[in-house]
Protein chains: 2
Amino acid sequence: MTETVVDTKTRILDAAEKLFADKGFYATSLRDITAEADVNLAAVNYHFQTKDSLIDAVIGRRIAPVNRLRLEMLAAAGPHPSVEQIVAAFVAPLLERGISPMLPMMGRALASPDLFLFRIFKKHLAAVADQFGKAFETALPSLSSAERMWRLLFMAGSMAHVLSWSHVVGEMTEGVCDPTDREDVTARLVRFVAAGFRATEPPRSAQPADAVRLGAA
Amino acid sequence: MTETVVDTKTRILDAAEKLFADKGFYATSLRDITAEADVNLAAVNYHFQTKDSLIDAVIGRRIAPVNRLRLEMLAAAGPHPSVEQIVAAFVAPLLERGISPMLPMMGRALASPDLFLFRIFKKHLAAVADQFGKAFETALPSLSSAERMWRLLFMAGSMAHVLSWSHVVGEMTEGVCDPTDREDVTARLVRFVAAGFRATEPPRSAQPADAVRLGAA
DNA sequence: GTCTATAGGTTGATAGAC
DNA sequence: GTCTATCAACCTATAGAC
């Protein structure tokens, strides 16, 4: 035991994290949070000013360490990482090694297509996206940049879906899938996504360029 | 032009579909909807009783035709469809052939891990999930059922992410990816997911069973 | 079927005592 | 830093005239 007493600010962050995951960012009221955290309503405004800035703080405190670990894992894979190593470096720091209480909340955030949340992620993800983009580029040099970017989006989607729906995966599959075995899920996801990245892209000429499209009709 | 006049009920459904996509189900108020639809507030309660049942109606009117088309495409692929044909039969009816205004809203619904939405999808998806599960089973007989189900979830996640984030894909990729070319996106997604499904699963013995895990330490 | 009016409750945020 | 009290705005849902 390191500390059993937690200060008000942290209690608010913890409670908000839990409730945001359960009910969503907008559906959770400040009163829900203060009740869960057992603090006064005004404390939220004192520590975080507005609800939006509380949301930013809840996401921000978790995303930074994850991204740091991502870059560490990518660097540890050496100058010529395999596709599997790149995918694992992106996925495992959150899915396998991320602390449990943040996972459903991160899933919610990744899966909510709100501009406000998008800005938060964009701010924190800039360095990571750059490094991983380059890594994929050297590992799969034959891939067009459009195809590479689409596949990054597909990867993010699979990961987000696992995070956000894992609480019903058990019921959904009648116990066949166990989302609590995080190493297992991570291994399966890495296998799937890496294979997707390795898929051969049809030659450019097979897909009609603008000229062809305009020339027709 | 077939009909320029639309009845109140449809106007409410159309407006709700648009606003649910933009702001989310909970963040959209009935007043937002009646303002957008240019109808009276009480009309919503007259036609749909409650907000929850309106959400159900908005999703329900779109999901049925999509699922019908999915089963048609799967049947049209014959008794021994390829993995690509199965994936395309699941993905294309929504992503490529679904009518445009429903796409962002469907993305939002698929990506919101709320039990209420899950129940709606479960109700409508039962027959489809069964057929597609069987199709994958015969196309990829060596896959364990757990791995097959996880991959179905990964597939759904990639598709949902494309639907829900396509409005920022342009900005995100600085114009390299064009989400408005729906045939192109669909082809890329089918390629990616099919390759993921074809990935070889490591033999059961390579992954420690419970006995091994318990036996250790 | 469509309207006005309103009930009854919740929300985010703040002012000001301690 | 933490509290009580409160504001103004907003919400869903309904009752009842037309």
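So you know, we letter chains A, B, ... as the sequences are listed, proteins then strands, and number each from 1.
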Donor-acceptor pairs under 3.5 Å, side chain of residues 120-127 of chain B to any protein atom, not counting sequence neighbours: which ones?
residue: B:Lys122; atom: NZ; partner: A:Glu171; partner atom: OE2; Å: 3.0
residue: B:Lys123; atom: NZ; partner: B:Asp56; partner atom: OD2; Å: 3.4

Cut-off 3.5 Å, no hydrogens considered: what does the side-chain donor-acceptor table look like for residues 154-162 of chain A, sequence neighbours left out?
residue: A:Ser158; atom: OG; partner: A:Phe154; partner atom: O; Å: 3.2
residue: A:Ser158; atom: OG; partner: B:Phe154; partner atom: O; Å: 3.3
residue: A:Ser158; atom: OG; partner: B:Ser158; partner atom: OG; Å: 3.0

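Annotation: proximity of residues 12-24 of chain B to DNA chain C (heavy atom, distance under 4.0 Å) is found for no residue. Using a 4.0 Å cut-off on heavy atoms, the residues of residues 26-34 of chain A that approach DNA chain C are A:Thr28, A:Ser29, A:Leu30, A:Arg31, listed by number.
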Polar atoms only, N or O, under 3.5 Å: list the protein pairs with nucleotides 2-5 of chain C and their distances.
residue: C:dT2; atom: OP1; partner: B:Thr8; partner atom: OG1; Å: 3.1
residue: C:dT2; atom: OP2; partner: B:His47; partner atom: NE2; Å: 3.1
residue: C:dC3; atom: OP2; partner: B:Asn40; partner atom: N; Å: 3.3
residue: C:dT4; atom: OP2; partner: B:Asn40; partner atom: ND2; Å: 2.9

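Counting only residues at least two apart or on different chains, no salt bridge (charged side-chain N to carboxylate O under 4.0 Å, His left out) pair has a member in residues 153-162 of chain B. Under the salt bridge (charged side-chain N to carboxylate O under 4.0 Å, His left out) criterion, the residue pairs touching residues 87-110 of chain B are A:Asp114-B:Arg108, with sequence neighbours excluded.
If you take CG of B:Asn45 and P of D:dA15, they are 11 Å apart, rounded to a whole angstrom. When the C1' atom of D:dG1 is taken as reference, atom CD of A:Gln49 falls 14 Å away, rounded to whole Å. Atom CG of A:Asp38 is separated from atom P of D:dG1 by 19 Å (rounded to the nearest Å).
Every residue two or more places apart in sequence or in another chain was checked for a side chain to side chain donor-acceptor pair (under 3.5 Å) with A:Lys9, and none qualifies. Residues forming a salt bridge (charged side-chain N to carboxylate O under 4.0 Å, His left out) with A:Arg11 (at least two apart in sequence, or on another chain): none. Taking B:Asn40 as the reference, nothing meets the side chain to side chain donor-acceptor pair (under 3.5 Å) condition, with sequence neighbours excluded. Taking the side chain to side chain donor-acceptor pair (under 3.5 Å) definition, one finds that A:Asp14 meets it with A:Arg61, sequence neighbours left out. Under the rule for a side chain to side chain donor-acceptor pair (under 3.5 Å), B:Thr50 has no partner lying at least two apart in sequence or in another chain.
Using a 4.0 Å cut-off between a side-chain N of Lys or Arg and a carboxylate O of Asp or Glu, A:Glu147 and A:Arg151 qualify as a salt bridge.
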